[in-house]
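Worksheet: one structure, shown below.
Start at 1 and go down the list; that is how both ligands and their atoms are numbered. All values below come from the heavy atoms of this structure, side chains included, with hydrogens, waters and symmetry mates left out.
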Amino acid sequence: MKPSRAAGRLTPAPENFLDAGQIAAVQAGRREFLRGAFLAAAAAIAAPEAEAATQAGDPAILELPEHSRGLGQPVVARGYGLPSQFEKNLQRRESPGLTRVGAASVSFAPLQGLFGIITPSGLHFERHHQGWWDIDPSRHRLMVMGMVRQAKVYTMDDLMRLPAVSRMHFIECGANTAMEWGNVSVPTVQYTHGMLSCCEFTGVKLATLLDDCGFDRRNGRFVLAEGADGSSLTRTLSMERALDDGMVAWAMNGEMLRPENGYPLRLVAPGIQGVSWVKWLRRIEVGDQPWGTKDEVVHYVDLMPDGTLRQYTSIQECKSVITSPSGGQFLLDKGFYNVTGLAWSGRGRVKRVDVSADGGRNWRTARIESPVLPKCLTRFNIDWVWDGGPAILQSRAIDETGYVQPKISQLRAVRGKRSIYHNNAIQSWKVAESGEVSNAQVY
Ligand SMILES: Nc1nc2c(c(=O)[nH]1)N[C@H]1C(S)=C(S)[C@@H](COP(=O)(O)O)O[C@H]1N2
Ligand SMILES: [Mo]
């Protein structure tokens, strides 16, 4: 079989888990089809095209389809463009049974079907504590208060008159990959790593906004951000990080934020866990100590092996995952594959990504695709020839601080097994002789 460009689409439907019998039927059917069509075409046409198609072993190219003969659709003169009807399977999905109500739930991004580093807005993961709202921007306000010279209330119009910046950053929920602390429990990369997205955000820097209100530089050491939804989500940010690259954003991927992602205003806290990216942002307060809100003292704490709770761990450490081939996909035949995935670090740029096909015994360095930006997803690719035998695919990222993504056993030695948040361990995908790829843990 020839190298497959669409390693991400090895099955017709990444979410359809075909059993071994079904896979065999698909493979056999494909061979039968090729043989039949091949003979028919070779008999009917004796042109250079037929000869080339014969050599290439794929006579389907000889049939001139409808779309090469007729008139296509007119322009979509008015309206919002949608993906092809053949891409219907590419969807955010909720993990069944994960939470009791949809308003306090998660929908995961389909990482196995995405290319490059940008998450399309309609596929950005969602996490709400108390449901989402589509807030009228003309009625939305942002108040900046606390240890500032002049407290201010901004309308969206006020904010959009300030100097704007655009930056590409990943957002990862602190609970991403949470289900892997114990044992393997979910089948696909969508559910293991799909609380991860990466977009271009446009807004005003927090530094600009705080300067506009004249904040107290000596005592104003912390910033509180509060959302306008019923959960009153509130998180403390250190002034250092707020001033470094914090942003109050209204746009995502070139258009206004989607309602699910905080329309019309959200905090962008690069490198920091998703919960601090407060959506429907309504208030910023400058203070001299952390607030210790429910969202940082009771929730989003890490249970350590000795029973203590670790608070205020906010940076998303260096991590990576192979998105294709990944759990739930099938390799249809041995031979060449492009192994691809994503790497990121909350501390800066990704420096290197290594890939192993034998469960971590041997590593090769992957190609890192540009752009490589700080606190942004980085795409990697590496050639792989599958010999048809069992294999275990893993990726290991190293960031510009020299930090190396740990194995799950290294992480457990420090953190135990009862954590929820901040699991950045190396992910393993097992390739069986049948070609079936599944989630596995290698210690
Ligand atoms: N106001 C508000 N902000 C919020 C939340 C929320 O429920 N309400 N959820 C937080 C959590 S836990 C995460 S992981 C991110 C998710 O952002 P997204 O839904 O745009 O992916 O938003 C954060 N900001
Ligand atoms: Mo989160």
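- Near ligand 1, residues His124, Phe125, Glu126, Arg127, His128, His129, Ile171, Cys173, Gly227, Asp229, Ser231, Leu233, Glu260, Asn261, Arg266, Gly274, Val275, Trp277, Val278, Lys279, Trp280, Tyr300 each place a heavy atom inside the 4.0 Å sphere around the ligand atoms.
- With 3.5 Å as the limit, one finds no donor-acceptor pair spanning the side chains of Ser356 and Arg361.
- Looking only at atom types and distance, the side chain of Asn219 has no donor-acceptor partner in the side chain of Asp288 under 3.5 Å away.
- In summary, the side chains of Ser345 and Glu317 do not present any donor paired with an acceptor at a separation below 3.5 Å, with no hydrogens or angles considered.
- Legend: residues meeting ring pair (Phe, Tyr, Trp, His ring centres under 6.0 Å) with Trp250, ordered by chain and number and at least two apart, are absent.
- Judged by the 6.0 Å distance and 45° axis criteria, Arg266 is not positioned over the aromatic ring of Trp280.
- Side-chain polar atoms of Asp302 and Tyr312 form no donor-acceptor pair below 3.5 angstrom.
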